[in-house]
Undergrad: 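Input: one structure, supplied below.
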There are 2 protein chains.
Amino acid sequence: MNDATAPRPRMTKQRAAVLDALDQGGFRSAQSWHDLLRHDGSNIGLATVYRTLQALSESGDVDSVVTEGGETLYRRCETPEVHHHHLRCRVCGAAEDIDIPDLEEVSARIGAEHGFIELEHVVELTGVCSSCAAKAQH
Amino acid sequence: MNDATAPRPRMTKQRAAVLDALDQGGFRSAQSWHDLLRHDGSNIGLATVYRTLQALSESGDVDSVVTEGGETLYRRCETPEVHHHHLRCRVCGAAEDIDIPDLEEVSARIGAEHGFIELEHVVELTGVCSSCAAKAQH
DNA sequence: GTCATAATGAGAATCATTGTCAATTGCGGT
DNA sequence: ACCGCAATTGACAATGATTCTCATTATGAC
Ligand SMILES: [Zn+2]
Ligand SMILES: [Zn+2]
Ligand SMILES: [Zn+2]
Ligand SMILES: [Zn+2]
């Protein structure tokens, strides 16, 4: 069930830099994280940022969501061990981990009713946060 | 709240062809619908298929979902007037309209609790349907 | 039929993401 | 500390879905 083929990741300075940058919090695209890293003096390559974020995403250390525009956003996840969902502001990108009661059970039940197995679900709540809403008032 | 700037779409033969093709049912990518149309003798352009499907999607006449690979899939929606969700087979693409009890209210409540407005949600259930699961058994 | 203009199609352009591959480097073994 | 080599990196090419451009065509109101 778990991977005996687990390749332990090397601690390179680029990996460390990404990990460090992620501490700033917030959802950003791979390119945005890359920009941020370069502005901080790193000469890390874009492909490396992509690779590192993907690796971290697969290992469950970062969350990823997809915007309407098809961009994938990443951020360090505070609670890697628990499956959860997000409420994200479409304007400023601020996001919070949320719990949607019964969702897991309900989706499992619906899947079962239709004879589906290996159920997965994608749930994303988006909106405009109060501070962005305030700014929008001219 | 509604659009006084509603441009009524012209009934061109390509729009009719797309509408006709959609009757075959099922989720397909724009490119896939385009292939299908060409195989049926149409000389419709790919860009037109994209434009038409997007227009139909915005007017609520077709559903669209995004695959893991980032492709957008479209299909004629049976129940355009009601907001609903889908349970889709990741193997064969078969999909059914489903109802997730209380989801609308729960998401609205969660949004409100966090001070968010203009809430929207994306919910997609995927799995492997019974017939695909059967085939998977060697 | 005329006409304004929405719609089309071929191909170029975008843009996020992935692949290539030679050069580099972490790190286990010595 | 020193080797050796596979994992990792970075510059850049390549991809692949989607969008844009613009000259040409065709819809629908009058
Ligand atoms: Zn999270
Ligand atoms: Zn905001
Ligand atoms: Zn539907
Ligand atoms: Zn199936």
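Values reported hereafter were calculated over all heavy atoms of this structure, with side chains retained and with hydrogens, waters and symmetry mates removed. Protein chains get the first letters and strands the later ones, always in sequence-line order, with residue 1 at the start of each.
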Undergrad: Roughly how many Å is it from NE2 in A:H34 to P in C:dA16, rounded to a whole number?
TA: 13 Å

Undergrad: Per the atom types in the model, does the base of C:dG28 pair as donor or acceptor with the side chain of A:R8 at under 3.5 Å?
TA: no

Undergrad: Taking only side-chain nitrogens and oxygens of A:T72, does any of them come within less than 4.0 Å of OP1 or OP2 of C:dA16?
TA: no

Undergrad: In Å and rounded to the nearest 0.5 Å, what is the CD to SG distance from B:E96 to B:C89?
TA: 10.0 Å

Undergrad: Can B:R15 and B:T52 be counted as having a side-chain donor-acceptor contact under 3.5 angstrom?
TA: no

Undergrad: Using whole Å, what does the distance between atom P of nucleotide D:dT18 and atom CG of B:L46 come to?
TA: 9 Å

Undergrad: Mapping A:T52 and B:Y50 onto DNA chain D by nearest heavy atom, which one lands closer to the 5' end?
TA: A:T52

Undergrad: Atom CD1 of B:I44 to atom C1' of D:dA26: distance rounded to whole Å?
TA: 14 Å

Undergrad: If you take atom types as modelled and just measure distance, does the side chain of A:R51 reach the base of C:dG19 with a donor-acceptor pair under 3.5 Å?
TA: no

Undergrad: Can you tell me the distance, in whole Å, between the CD atom of A:E71 and the C1' atom of C:dA16?
TA: 7 Å

Undergrad: May I ask you to say whether B:E113 pairs ionically with B:R109, meaning some side-chain N is under 4.0 Å from a carboxylate O?
TA: yes

Undergrad: Rounded to whole Å, how long is the line connecting atom CE of B:M11 with atom P of C:dA7?
TA: 11 Å

Undergrad: Map A:Q54 and B:R38 onto DNA chain C by nearest heavy atom, then report which one ends up closer to the 5' terminus.
TA: B:R38

Undergrad: Can you figure out which of C:dC27, C:dA7, D:dG28 approaches the side chain of B:P9 most closely?
TA: C:dA7

Undergrad: Please state whether the phosphate of D:dG10, meaning OP1 or OP2, lies under 4.0 angstrom from any side-chain nitrogen or oxygen of A:Q14.
TA: yes

Undergrad: Between the base of C:dT5 and the side chain of B:R10, is there a donor-acceptor distance below 3.5 Å?
TA: yes

Undergrad: Under 4.0 Å between a Lys/Arg side-chain N and an Asp/Glu carboxylate O for A:R76 and A:D61?
TA: no

Undergrad: Please tell me if A:T48 has a side-chain N or O lying less than 4.0 Å from either OP1 or OP2 of D:dT8.
TA: no

Undergrad: Expressed in angstrom and rounded to an integer, what is the separation of A:L19 atom CG from D:dT8 atom P?
TA: 14 Å

Undergrad: Let me know the distance between CG of A:L53 and P of C:dT18, rounded to the nearest Å.
TA: 11 Å

Undergrad: B:G69 or B:K13: which one's nearest nucleotide on DNA chain D is closer to the 5' end?
TA: B:G69

Undergrad: Within this structure, what is the CG-to-P distance between A:N43 and D:dT8, rounded to whole angstrom?
TA: 18 Å

Undergrad: Would A:F27 and A:H86 count as a close aromatic pair, with their ring centres under 6.0 Å?
TA: yes

